[in-house]
Structures are given as C-alpha cells and as structure tokens.
Chemist: 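The structure is given below, and queries will be raised subsequently.
Just so you know, ligand 1 is whichever comes first in the structure, and atom 1 is the first atom listed for that ligand.
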Amino acid sequence: MSNTPPRDPARFGPATRLVHAGRDPSAQHGFVNTPIYRGSTVLFPTYDDLQHRRGRYDYGTSGSPTMDSLTQAWSELAGARGTVLTPSGLAALTVALMSVVSAGDHLLVTDSAYRPTRIFCDGVLKRFGVEVTYYDPLVGAGIGELMRENTKAVLVEAPGSQSFEMQDVPAIAEVAHARGAAVIMDNTWATPLFFPPHERGVDIAVEAGTKYLSGGSDLLLGLTSANERYWPALHRTFEHFAMCAGPEDAFLALRGLRTMNLRLREHERQGLAMARWLQNRPEVLRVLHPALPEDPGHAIWKRDFSGSSGLFGVVLKPAPAKAVAAMLDGLELFGMGFSWGGFESLVIPFDCRTYRTATRWEPGGPGLRFHIGLEEVSDLQADLDAGFARLRAAL
Ligand SMILES: *Cc1c(COP(=O)(O)O)cnc(C)c1O
C-alpha cells in the first residue's frame, strides 16, 4: 500500500471516504494523520512572494494544513465546493446567513429552527436591516406564497430542533431557486452521511461539529459548506470576519470523523430501540422521531434520508412540572444538559410554545428531548423505568 491518498475518491462509498478523506501521509513523513499546525505568522521566502501573497498559506486566520485536512474531507463528504471552519455551530450559521443577506433583504426562517438561530435573526440581522419572517416547517412548495421580491434566502432545518418535524427540502429548494433565493440548511441532525445536503438542493449547509463529529462532548466547532454558486460569498465572509476555529478542535474533529459512520449507526440503532420502547410506555403520549413509521414526517424522511441519529423527542401525557422534575432528578445514567452527539445519554425538558411565532405548538403534554448514547439499552431502559415510577408517584 502506498502512503499517498487514493486516486479518484468519488468511486468509493461513504465509509471508505470517511477513512481516507483529507489525509496525505506522504506529506507528513508517512505519519497517518495531519498534525496540529499552530500559528499566526507564515513566512514568505522573498519580497516578491510576499507582495503577491504567493504560496498555499499566508496567515493563520485563513487556513493551515490541519484546517485543510478537515475542510477537504468535509467538502468531499458533503458534496460541496468548499467548507469553512468556525469556532462553534452557531458561528457556522451566522457566517452562512451573513454571506447571503444584506440590509433591505428579506429572509424566511423555519419556525422549527434551532433557537439561537432565531435569536441571531431577531437581534443582529434585524439591527442590520434584514427583515425576517418565520414560516410553518410543513409549508413545502407553499413557501412561494411567502416569498417577496427581496427574499434572498430560506433557512431550513430537518428535522426541527426539539419538535422534529420533517421539511420537504427539495420542494422548498425548487421554489426558492426559481425565485433566485438561496437555501441554507442546518443539517446537524443527519450529517451529510444521512442527508447529502447539496445533492438535495441546499446551497449552504451548516453542521455543528460539536455534536457527532466530535462524538465526545469535548469540543466546539462549526462547519459551513457551500456549492459552486455560493462558495465565493461564503469564503469572502469567513475571511472578513476571521471567525476561524482552533487547530486542536479541528484535529479532534478529524479524529472523530474517522469513526463517525460507526458511531452514528450505533446511535441510530440504540435511538430506535429506545424510541420504540418509549412508544409503548403508558406515560408517553407520542414519540417525535421521523424514522418511526407512525411519525407524520416519516414519508419525507424515507424518501430523502438514509438514516437517523440518536436525538428525538417524547411528549408525555399531561403531568405537573414537579412530577417531571421527580423523574429527571433521580436519573443515574441520563445527564441533563444542552448539546448532544457525545457517547453519553442526555435528556432535557423542552417547550416550543415559549418562542414559536408562525405556528402553534400544542403537543398535549410536557416535552422531553433525548439523546441516546452508547450505553447498554437495557440499562438505559431500567434508568427511565425507575424515572417513570417517580413520575407516577408524584402525579
Ligand atoms: C448545537 C446545535 C447548533 C449549534 O452548535 P454549537 O456548536 O453548540 O454552537 C446548531 N444547530 C443545531 C441543530 C444544534 O443542535
């Protein structure tokens, strides 16, 4: 076997690409991985080279071999023209938005968007003269009726944060493109392994690398990828903000990338086992998981996605907050905290009623969001079984 990258990686399946993408051992003295390049200053050999900024790198904010390993691998996986790395998933979203909207423009955002995305739109974007309209995530091709002359972009997220509605991304993209608007997607849940964003009509795709790319709850990172048309604008905005990620985080994300396929499939398997078990619990009204045949978004999920992750929601039968607290407070294995995508199981209560504006969220009971980690399913079930007993005792 040679120490150079395989030729024509496009002929390989995604699992093979995840192992080889963005690596060139021959450029690293034969070592398998690209090392961590730390640095600000990049030296130029001559006056003339400096004047023309000649060379692959010119300053620490605009890239390094460590960064390039990850962005090249990600572009290959996502089917993108290029990718930029940002210090968090939220930063990846803000760079994506700032690349396409300007003062006087109109932006359509799904009502099911990740809440900090809304806060950015209602705060910074509004302050800079961008008008934002929230829309029903189930709108599909009906998005056309909400589009105006100055609509520059439509932001989609599937499934929705917390509420897990599926969106018909290809239908929305077709209408948006006919009107000259960009489609920006938060694709964190599926990753490009389960939803190839640019093949489905997305122009700029965002991934919180903090989640499954890390897989270890040990880093913060964002990745924004763009197709040919939007890459120049994305790259320019990224360079102007100099919103670059740290080299250690990029290195750790590369390490996570190599095993992401394996981990995601296990999160999917474990998540489905837990979701089906929860469906049969008498305390549960509904499980919000698009890979379950009973889910209203299942048909779209089946058509467009090739897998599901370990993150889903549950609506409990009506119960007072003190009963939900009794359930959650005594859990031994499930942690309570934000973020997800690591090896450990998590649960948080959620209530979309507090921030939705375009649609009503009346699920019929308290909401819990689960992230199913890599523990034994039987142990997780026993932990929740004891939690449900505490919930019933507190009703
Ligand atoms: C966590 C998350 C983000 C933001 O990622 P951070 O790295 O925490 O900023 C964006 N979108 C979704 C759907 C997320 O779950």
Chemist: Centres of the Trp340 and Phe370 rings: under 6.0 Å?
Modeler: no
Chemist: Hydrophobic clusters here meaning ILVMFWY residues chained together by side-chain heavy-atom distances under 4.5 Å, can you tell me if Phe312 and Val324 are in one?
Modeler: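 Yes; Val324 is reachable from Phe312 via cluster members.
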Chemist: Which heavy atom of the protein is the closest neighbour of atom 9 (O) of ligand 1, given with residue, atom name and distance?
Modeler: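 Protein heavy atom at minimum distance: Leu90 N, 2.9 Å.
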Chemist: Answer whether the closest heavy-atom distance between the side chains of Ser309 and Thr191 falls below 4.5 Å.
Modeler: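 Sidechains of Thr191 and Ser309: no contact.
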Chemist: Which is it for Arg81 and Ser75 under the side chain to side chain contact (heavy atoms under 4.5 Å, CB included) test, yes or no, and what are the steps along the way?
Modeler: CA-CA 6 Å; Arg81 165 66 181 80; Ser75 295; over 6 Å; no
Chemist: What's the shortest distance from atom 7 (O) of ligand 1 to any protein heavy atom, and which residue and atom give it?
Modeler: Thr210 OG1, 2.5 Å
Chemist: Nearest to atom 8 (O) of ligand 1, what protein heavy atom do you find, and at what distance?
Modeler: Tyr114 OH, 4.0 Å
Chemist: Are the aromatic ring centres of His198 and Tyr230 under 6.0 angstrom apart?
Modeler: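 Ring-ring flag for His198/Tyr230: false, centres at least 6.0 Å apart.
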Chemist: Would you call Trp340 a ligand 1 contact, heavy-atom distance under 4.0 Å?
Modeler: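 Checking ligand 1 against Trp340, which is what was asked, there is a heavy-atom contact under 4.0 Å.
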Chemist: Within the 4.0 Å heavy-atom shell around Glu157, which atoms of ligand 1 are there?
Modeler: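 Those atoms are 13 (C).
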Chemist: For the aromatic rings, using the six-membered ring if either is Trp, is the centroid distance between His267 and Tyr212 under 6.0 Å?
Modeler: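 Yes, the ring of His267 comes within the 6.0 Å limit of the ring of Tyr212, centre to centre.
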Chemist: Taking distance alone, with no angle check, do Ser339 and ligand 1 share an N/O pair under 3.5 Å?
Modeler: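 No; the residue has no nitrogen or oxygen that sits under 3.5 Å from a nitrogen or oxygen of the ligand.
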Chemist: Tell me if the aromatic rings of Phe195 and Phe305 count as close, with their centers under 6.0 Å from one another.
Modeler: yes
Chemist: Judging by distance only, is a nitrogen or oxygen of Leu220 under 3.5 angstrom from one on ligand 1?
Modeler: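 No: no nitrogen or oxygen of Leu220 is under 3.5 Å from one in ligand 1.
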Chemist: Is it the case that ligand 1 has an N or O less than 3.5 angstrom from some N or O of Asp186?
Modeler: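 Min N/O separation from ligand 1 is below 3.5 Å for Asp186.
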Chemist: Which atoms of ligand 1 have any heavy atom of Gly89 under 4.0 Å away?
Modeler: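 Once the distances to Gly89 are compared, the set is 4 (C), 5 (O), 6 (P), 7 (O), 9 (O).
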Chemist: Which residue owns the protein heavy atom closest to atom 2 (C) of ligand 1, what's the atom, and how far is it?
Modeler: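 For this ligand atom, the closest protein heavy atom is Lys211 NZ, 2.4 Å.
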Chemist: Salt bridge between Glu266 and Arg269, side-chain N to carboxylate O under 4.0 Å?
Modeler: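 Between Arg269 and Glu266 there is a salt bridge, with a charged N closer than 4.0 Å to a carboxylate O.
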Chemist: Polar contacts were defined as any N/O atom of the residue lying under 3.5 Å from an N/O atom of the ligand; does this apply to Ala208 and ligand 1?
Modeler: no
